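Since the structure is predicted, the reported quantities are computational estimates derived from the model, not experimental observations.
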Amino acid sequence: MDGNPEREFHHPFEPYDIQKDFMNAVYDCLEDGKVGIFESPTGTGKSLSLICGSLTWLRDHKRRAFREGFAADRVDEDEPTWMIEHARQQKKQAAVHRRQEMEFRIAKIKEKEKRAKERHQNGEPRFKRQKVASDLTGLEDANEARFILDEYESDRETNPKTGPAAFDESGLSAETQALMEKFGYSLAPKKQEEDVVDELKIFFCSRTHSQLTQFSSELNRVRMPPAIKLDPPEGNKGDDDLVEDVKHLTLGSRKNLCINLKVNKLGNATAINERCLELQQPGKSTDSKCPFMPSKETETLVNDFRDHALAKIRDIEDLGVLGKKLGICPYYASRPATKFCEKSAREALDLSLKDHVVIIDEAHNLMDAIAGIYSVSVSLAQVQLARAQLTVYLQKFRNRLKGKNRVYVAQTVRVLDSVASYLQLKSTEPKVVDGVVNMGDLMSGKGVDQINMFKLNRYLQESRLARKVDGYTVYAEQSGNQEGEKKLAKRAPRQSVPVLTHVQSFLLSLMNPSAEGRFFFAKEDSNEMFLKYMLLDPTFHFKDIIEEARAVVLAGGTMSPMSDYQQHLLSYLDSSKIMTLSCGHVIPPSNLLAIPVVKTLSGVDFDFTFDKRKSERMMIDLGSAILGFAQHIPDGVVIFFPSYSYLDSCIAAWKRTRPTATPGSISFWDAMNNVKPIFLEQKSQHQPVDSTIPPKASTADSVLDAYSNAIAFGNGCGALLFAVIGGTLSEGINFSDALGRGVVVVGLPFPNPHSAEWKAKMQYISSKASSNGQDGKAAARDFYENACMRAVNQTVGRAIRHRGDYAAILMLDRRYSGERIQAKLPGWVRGSLASGAGVSQVVSRLDEFFAGKCEELGAYTTVAQTEDSTAELTAHGKEVESPTPDELATLRRVADKLPWTAFLVAIVELCERFAYYGLSGPFQNYMSNKWHDPNGLPGAIGLKQSGATALSNFFQFWCYVTPIVGAVVADQYLGKYLTIKYFSLVYMFGIFILFITSLPISIEHGWAFPGLIFSMFIIGLGTGGIKSNVSPLIAEQVRTTKPFVKLLSSGKRVIVDPELTVQRIYMVFYMCINVGSLSAIVTTNLELHVGFWSAYLLPLLMFSVGYCILVSGKDQYVIRPPQGGVIGNCFKALWIAMRNRFDLDKAKPSLQEMRASQREYKISWDDKFIDELKTALVACKVFAFFPIYWLVFSQMMNNFVSQAGQMELHGVPNDILQNIDPLTIIILIPVLDRLVYPFLRSTLHLAMTPITRITWGFFIASAAMAYAAYLQSRIYSAGPCFTSPSRCEAGKIAGTEGQYEPNRIHVAWQAPSYILIAISEVLASITGLELAYSKAPANMKSFIMSLFLLTSAGGSALGILLAPSAKDPDLVWLYAALAGMSLLAGGLFHIVFKGVDRVEEEPRAVETAEGIEMVERKSDEIIVDGVRDV
């Protein structure tokens, strides 16, 4: 052991104390060569701790072995010291040279991959994929002779395989092995192994491939210094030399690695294996063989695959992608790759574990998994079908079978007949359901007792009789030329796995030792009789691993109770050879409420024993308890029942009973459904009457999806999920955060002790314990209880998945208050376990527990997070992977996919902006020109340019002040959706007033001006309620808040960046605004050719359409309920800061508690609220510069329109040119989003940060005003009226009354001003919206957005002040002054805020793939063996 307990494990984060304990335990276990049983709850960084602990030990071990090996290998002591040292140095250099040689090969591959990535990010693969044969699954048109068995002799006990089609245990045909021999990758054992050092390895095993993928991802995080320091070539000393690359290879099955679509689609692993081997058989034409198999022609591809596989850490999916890219089978090509990392692993199905380390993660079900591997069952129907297929085969080929083939086929028939007769006899016994098989009765058929079962099983494996029979069966079904074959075809449906293969696996179990297993018969629910073999003792099958390996680690999240592993898996080991560790959780104790609920509301004990739980009174009491819990636990509540049948019984009882006896009251079921929508695990026979689950929701995936969406997209009420302990939802599913605020366990799921299987288990455990001098009855009872508690512990482990999570775990049964049961719960649960209580007391405790628990942004997830490959769900229905630090630095970043609800809300915004700009477009003419204007311009009121400009600015000012009102209403009272809904009605009422007062009769009676003022007030109020809420509501439709890695269809890995997603959201949002603003094109033409009333009627109609869309999509939106009091708290905190020299930290509760004696303020927030407020204030400081920008921008809405009226229009309305701005934006947004920004990020590595974009927005707006000043000077220099456009005698048109000729300059010259304004909008305005959303606390989104919109009101106020100067001949100076102001503001803005982006890049909390949150090391430097790696 290492004498220094303070080991450096090179953990990528600052580890918690429990992680240090775990890593030290792993290290000590490996060092001492023991068996470790370690428990660490999910969410505590177990995988990283296993990796760091084991790799640190491996590094130290290699270094010690390297040094001590040379010290021990001494030459003759009589030799001079210099000769001894010289010999030692030679051996050291030889060992180092071997390592350098491999590192050099892998380095070349890494460099090649890097160059390929830089050369073509999304290029085609360097090698063409080979063409798949046109029909791989079909049978070639050959004669029936191909189904004849090869000659077979079994008399020789060794090397019995004969014939060209023989396969060995490696799984490769003789032909394939010959090809691999030519490559130098022989899989056959050699007498003399080549000179490859078999270094100590770590074999990491887990339950599913998805967990191995997670392991690969975590392995990428760890950077270990080299165990043996190499001297790099001169001039090539860099940081990479201070980190040792881990050689990692994932071994997978054909099912996971097969890239032949025709084979892989078979689905079943056995069928895929059989089909793969069949395609390698000799005699097949080249076109009929698998095109991806290694051959002499593809030797280069095999070598490339090998080198690429070891060049970096790849998971099993990466190997599949690599195989597809190179066009070579990854299953077979990965075997030569093991040559470089495992000498004995070249026999890939016979990996030697001798003196190596084995780590088994998720080992909580290890004993059950071993028992499951060696247990098998076969039905009477399967036996009969196998017998029928064999009969048809014999009828066809009886005369063509020779020698041993005929003998062994006849023996197989006799065994099948004996088994079938036994099952038929048992099925006729009416009262017999199950029992232990008497082997004499099972093998009582004629001549069966004379059969050598060992030889028969070896024959079935080597002759491939099952595949031959199945192949002929398919052939017979297709041809159907004989009556017997037709009957067989009608007898049973086609199965992917030959039924004889399945029966063969059962026959193999007949050779197992009788002491370790039992045979049973059982009648299933379908009344079909089954024959089963069950392994009772897994000790023998795991013992060889323990004896071969140097050390074995069994780790899991719920290993309790651990006594089972010591007594029933490792009973032959001395206790000193076994280490155990049960870690606590990383959460504070206040984040878990665990209570045994022992009494009902009526005071009766909760007793869910098998005899008492089905009483109607107990089920009613259970319904009352669940109803109460659902009302006091927020978000999602998962309730686990002891069995599917009991769940169905409870639902039936709840549907016919009522909580109260009041006539007309609803049932328990309806009452629960009213509190939270109910979802059921798929095996339940009931579904809700008003089921929110679609008909296809019969699988775990769809139930999880529906349950998750009900929580994420509902109205904050959450959901109820009824599941079963030991079912599909009780293991491997992460009910984190809002998905599992409460976990309720009903009863104890004890198995049926009266079943034949459990009787045999208990009898075996009892007799084994008695033979060892122990109390057999107590051992059997303990084993029985442990089986139950392992299932319970897996169930309670579904909640609390990371450091910031919190939940209540309620265990309903009086037995949970017993000491013996509580002792078998995980340690992290026992630490927070309260004493037993009744339902009423528990409800009170729930209220106290959840009081003050704040739901953080991003806590809602769209689908349940899972660990199991059977339910791989997280973001968008797929498991997601957190990026490693290297990936964060190197991978391309992309935006996430936007949900359709975001587009639905965006359409509502489009309709609202259509109405707003459709109204605003005609406003300048409506206000400035007279009714029947002499110049022919449309008008109504006659306020002239300065008056109209002032009133227009006032309208904009009012529209951007009122969002404050809308934000307060939304954040504190109604929520965003309802605020938008009700204020939309106000908006439509304002448009209706404007429409009525713009009718010709209203204008002639003088109602236009008062109607305009009143409608402006109403419309502005409606705008405020919508504008501050619609953009945050769009952004909230996307729930992804943290970066994750995504695999593109091209095989490229990219990082989905939430910041880019928000950026894209507001790009889309702004595009909708500008599409809507094109309404001014229509309304300005309507005002000219029809009248103002038509120009205002169209926006009213369009807004009505948007309102209907808004209301119709209500059930689909993500709607966050209002928090209430947040804005008041905000101003109160700012007031406290003002009274303390503007120090916001003085408003933190923690500081107030430290100064309790001087406490002056009543505070209802936490420290996090103050931190969020500080962030929001940064955005507010940025907003302070925006009024100048909006002042410049508003010129487009008023003075530019008047400027166009001074130019030659050529029949075009003077207020239509402003639509160039939205048209430019519509074109520009996708170009920037899809081309320019990605090019700057990935190619030029330039980050267009928010501050940079806003700065350039100011500069380009300045350019627009400079151009407007230049254009105005040209207008003044053109005749006929020069500096007095449309107001001079020279320009008066003869024969008209007061009509003037415009100055002679084409109106098209205005276009560049609008284009420049559009570019500045995309850079400044959209980015401002992003900042307003991203910087705002979750419960203040609308308020901060309203503050940003308020800057537009500030711009309008400045416009009102400047309105008097908006007259000829001062307009050139006006535009020039605005250009200077914008340029100066942009420069000052950049100087003041250029450091904000750097601050945001500081290290912050990172959430790992297991859901834990840990803080990165504060230091950017790592000290490794005295060398600093910066």
Worksheet item: Would you say Q1218's side chain and V1201's backbone share a donor-acceptor pair under 3.5 angstrom?
Response: no

Fill in: Pairs involving residues 1186-1197, ordered by first then second residue, that meet side-chain hydrogen bond (donor to acceptor under 3.5 Å, both in side chains) (sequence neighbours left out)
Y1189-S1320, W1190-T1351, Q1195-N1199

Worksheet item: Taking only residues two or more places apart in sequence, or in another chain, which ones meet E909 in a salt bridge (charged side-chain N to carboxylate O under 4.0 Å, His left out)?
Response: R913, K1027

Practice prompt. Would you please indicate if the ring centroids of F1103 and Y1107 are separated by under 6.0 Å?
Written response: no

Worksheet item: Is it the case that D1368 and Q1206 place a side-chain donor and acceptor less than 3.5 Å from each other?
Response: yes

Worksheet item: For atom CH2 of W1309, is the number of surrounding heavy atoms from other residues, nucleotides or ligands below 6.0 Å larger than 12?
Response: no

Worksheet item: Is there a side-chain contact between L951 and M1016, using heavy atoms and a 4.5 Å cut-off?
Response: yes

Worksheet item: Taking it one step at a time, do S928 and L943 satisfy side chain to side chain contact (heavy atoms under 4.5 Å, CB included)?
Response: CA-CA 4 Å; S928 64; L943 298 178; 5.7 Å; no

Item to complete: Decide whether E912 and Y987 meet the rule of one side-chain donor and one side-chain acceptor closer than 3.5 Å.
Response: yes

Worksheet entry | Any donor-acceptor N/O pair, S952 side chain to A948 backbone, under 3.5 Å | no

Discussion item. What verdict does the side chain to side chain contact (heavy atoms under 4.5 Å, CB included) test give for L1033 and N1029, after you've listed the backbone C-alpha separation in whole Å, the side-chain angles of each residue and the deciding distance to 0.1 Å?
Written reply: CA-CA 6 Å; L1033 184 60; N1029 294 296; 5.8 Å; no

Worksheet entry | Side chains of F1193 and I1317 in contact at under 4.5 Å (non-hydrogen atoms) | yes

Fill in: S1356 side chain vs F954 backbone, donor-acceptor pair below 3.5 Å
no

Worksheet item: Less than 4.5 Å apart, any side-chain heavy atom of N1219 and any of Y917?
Response: no

Practice prompt. Flag the pair E1087 / P938 as yes when at least one side-chain heavy-atom distance between them is below 4.5 Å, and no otherwise.
Written response: yes

Practice prompt. Over all heavy atoms of both residues, which pair between A1204 and V1307 is shortest? Give the atoms and the distance, please.
Written response: CB-CG2, 3.9 Å

Worksheet item: Between F992 and F995, how do the two ring planes meet: parallel, tilted or perpendicular, split at 30° and 60°?
Response: tilted

Fill in: Test side chain to side chain contact (heavy atoms under 4.5 Å, CB included) applied to L1078 and I1226, step by step
CA-CA 10 Å; L1078 294 178; I1226 292 169; 3.7 Å; yes

Response to the item:
For residues 1088-1105, the side-chain hydrogen bond (donor to acceptor under 3.5 Å, both in side chains) pairs (sequence neighbours left out) are none

Item to complete: Please lay out, stage by stage, how F1183 and F1348 fare under the test ring pair (Phe, Tyr, Trp, His ring centres under 6.0 Å).
Response: CA-CA 6 Å; F1183 298 162; F1348 175 69; 5.1 Å; yes

Worksheet item: P1280 versus R1304: any side-chain heavy-atom pair under 4.5 Å?
Response: yes

Practice prompt. Ignoring hydrogens and angles, state whether a donor on the side chain of T1255 or T1252 is under 3.5 Å from an acceptor on the partner side chain.
Written response: no

Discussion item. For a 4.5 angstrom cut-off between non-hydrogen side-chain atoms, does L999 reach I1003?
Written reply: no

Worksheet entry | Heavy-atom side-chain proximity of L919 to T1083 below 4.5 angstrom | no

Discussion item. Looking at N925 and G939, would you say the former's side chain and the latter's main chain have a donor-acceptor pair under 3.5 Å?
Written reply: no

Discussion item. Determine whether H1306 and L1209 satisfy the following criterion, side chain to side chain contact (heavy atoms under 4.5 Å, CB included), listing intermediate values before the conclusion.
Written reply: CA-CA 7 Å; H1306 201 289; L1209 296 174; over 6 Å; no

Item to complete: May I ask you to decide if the ring planes of Y916 and F955 are parallel, tilted or perpendicular, using 30° and 60° as cut-offs?
Response: parallel

Discussion item. Looking at Y1270, is its backbone amide N or carbonyl O close enough to the side chain of S1273 to form a donor-acceptor pair, meaning the two atoms are under 3.5 Å apart?
Written reply: yes

Practice prompt. Taking atom CZ of F989 as the centre, report whether more than 12 heavy atoms of other residues, nucleotides or ligands fall under 6.0 Å from it.
Written response: no

Practice prompt. Run the ring-centre check on F1389 versus F1185 and record whether the distance is less than 6.0 Å.
Written response: yes

Response to the item:
Note: I1254 and V1182 closest approach over all heavy atoms is CD1-CG1, 4.1 Å

Worksheet item: Is the closest side-chain heavy-atom distance between M1102 and L910 below 4.5 Å?
Response: yes

